[in-house]
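Following: one structure in structure tokens, then a few remarks.
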Amino acid sequence: MNKITVIGTGSVGSTIAYTLTVMGLASEIVMIDINQEKSLGEALDIRQGVPFCNPATVYAGSYMDAKDSNIVIITSGVARKPGQSRLDLAQTNVNILKAVAKEIVKYAPDATYIIVSNPVDVLTYVFHKISGIPESRIIGSGTILDTARLRSRISEYYGVNQKNVHAYVLGEHGDSSFVPWSIANISNVPIADYKNAVVSSIAFPEFNREEVENYVRKSGGRVIQRKGATFYAVSMSVCHICKCLISGIDTTMTVSTMLHGEYGIQDVCLSLLNIVGGKGVSTKVLLPLNDEELKALHHSADCLKEIINNIEI
């Protein structure tokens, strides 16, 4: 029996609830939103398709209904408006998170919390400071989606399964994120050498790191420009986190957690490679970064700290 509560039933929250149902990850899914009519409609829409999936109870409810949840997923927040500064967006969503945390923690004190709302690293940090939930049970979705976008793009260059691509996006889920290319590989062959390592008549295009990083950073914006919002890929990434939490099998992934001196950085949340399993986030995997990559990681941390220092928690 797994119970998952999704707070916020906009495009992301409702798609997460739908994907959880299709994947059969929970026997009970609670959907909570300040707009109760919206959550009632989304829950009803999903529930009517349950006969084609694993049995599950899907319903809209209140914070009280989150009692005994194994996992709570927070997607509440507002999207950035034209002309709105990043700092203004951060404070608005911090205020929303504070209101949500005050209520949800009362009813689900033993759950593992996944923060999805943006700016996710800042909100994950705030949740650490205000919730009283142990650090091992607080996970920001971080750069797990950026990493998926990176692997997807590299796989397109070489026509190889994404699961054979081992590369990561670290740091902030945002403009200061970076790719540690020194450790990126396809089946243990460094990315730069893969073209020459494959015995094939296929002519691979010239690999362009700058193009790939640009693709990763701008993917979300391109999707929003074309269809108004991003929600399928982020939902799949969040459900992957849920699957690893539920299965209990330790799995490495780039999610946002609190740092305590790793790489000389502390008191900020950003994405490193973490081990996630039945007990939440158990530890970090410290990748062998070169000097340039360490500098990029510190820059990302500084960018986040600047925002944190200018918001009211």
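This structure is a prediction, so every number in the text was calculated from the model and none was measured.
A side-chain donor-acceptor contact under 3.5 Å links K3 to the backbone of K67. Distance alone, capped at 3.5 Å, places no donor-acceptor pair between the K305 side chain and the V268 backbone. Judged purely by atom type and a 3.5 angstrom limit, R137 uses its side chain to pair as donor or acceptor with the backbone of A111. Remark: side-chain polar atoms of S237 are not paired, donor with acceptor, to backbone N or O of L145 under 3.5 angstrom. Although no hydrogens or angles enter the test, the distance criterion places a donor-acceptor pair under 3.5 Å between the side chain of R217 and the main chain of D175. With hydrogens and angles ignored, the 3.5 Å screen pairs no side-chain donor or acceptor of Q48 with any backbone N or O of I46. Here the side chain of S219 pairs a donor or acceptor atom with the backbone of Y215 at under 3.5 angstrom. Checking side-chain atoms of D121 against main-chain N and O of H173 turns up a donor-acceptor pair under 3.5 Å. Remark: the backbone N or O of L272 is paired with a side-chain donor or acceptor of N274 at under 3.5 angstrom.
I4 and I144 end up in the same hydrophobic cluster when Ile, Leu, Val, Met, Phe, Trp and Tyr side chains are linked at under 4.5 Å. Connection of I34 to V12 is not established within any shared hydrophobic cluster, with ILVMFWY side chains joined at heavy-atom distances below 4.5 Å, either directly or through further cluster members.
Atom OH of Y232 has 12 or fewer heavy atoms from other residues, nucleotides or ligands within 6.0 Å. Within 6.0 Å of OH in Y18 there are 12 or fewer heavy atoms belonging to other residues, nucleotides or ligands. More than 12 heavy atoms of other residues, nucleotides or ligands sit less than 6.0 Å from atom CD of E156. Dense packing is recorded around NZ of K284, with more than 12 heavy atoms of other residues, nucleotides or ligands lying under 6.0 Å away. Within 6.0 Å of CD1 in I249 there are 12 or fewer heavy atoms belonging to other residues, nucleotides or ligands. Surrounding NZ of K227 are more than 12 heavy atoms belonging to other residues, nucleotides or ligands, all under 6.0 Å away. Atom NZ of K295 has 12 or fewer heavy atoms from other residues, nucleotides or ligands within 6.0 Å. Within a 6.0 Å radius of CG in D291, other residues, nucleotides and ligands contribute 12 heavy atoms or fewer.
Distance NE2/H260 to CD1/I265: 13.0 Å, rounded to 0.5 Å. Taken to the nearest 0.5 Å, the OH atom of Y263 stands 10.5 Å off from the CG atom of L270. With values rounded to the nearest 0.5 angstrom, I154 atom CD1 is found 4.0 Å from I191 atom CD1. In this structure, I29 CD1 and I71 CD1 are separated by 10.5 Å, a value rounded to the nearest 0.5 Å. Y158 OH to I186 CD1: the interatomic distance, rounded to the nearest 0.5 Å, is 6.0 Å. Here CG of L287 is found 9.0 Å from CD of E293. Values are rounded to the nearest 0.5 Å.
Side chains of V72 and I7 form a contact here, defined as non-hydrogen atoms less than 4.5 Å apart. Taking the side chain as every heavy atom from C-beta outward, F231 and V223 never approach each other to under 4.5 Å.
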Walk me through it: do E135 and T257 pass the test side-chain contact (heavy atoms from CB on, under 4.5 Å)?
CA-CA 8 Å; E135 287 191 6; T257 57; over 6 Å; no

Steps toward side-chain contact (heavy atoms from CB on, under 4.5 Å) verdict (I115, I74): CA-CA 5 Å; I115 314 299; I74 300 178; 3.9 Å; yes

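S117 and N93 form no side-chain donor-acceptor contact under 3.5 Å, judged by distance and modelled atom types alone. For the residue pair Q91 and N95, a side-chain donor N or O sits within less than 3.5 Å of a side-chain acceptor on the partner. Under 3.5 Å, the side chains of T254 and T147 contain a donor-acceptor pair of N or O atoms. Side chain to side chain, W181 and E213 meet the donor-acceptor criterion of an N or O pair below 3.5 Å. For the residue pair S62 and D65, a side-chain donor N or O sits within less than 3.5 Å of a side-chain acceptor on the partner.
Just one residue in the list T112, T5, N2 forms a side-chain hydrogen bond (donor to acceptor under 3.5 Å, both in side chains) with S69, and that residue is T5. The side-chain hydrogen bond (donor to acceptor under 3.5 Å, both in side chains) test with S300 is passed by exactly one of S176, S271, S177: S176.
Listed by first and then second residue, the ring pair (Phe, Tyr, Trp, His ring centres under 6.0 Å) pairs that reach into residues 106-151 are Y113-F127, sequence neighbours excluded. Legend: salt bridge (charged side-chain N to carboxylate O under 4.0 Å, His left out) pairs involving residues 229-250, not counting sequence neighbours: none detected.
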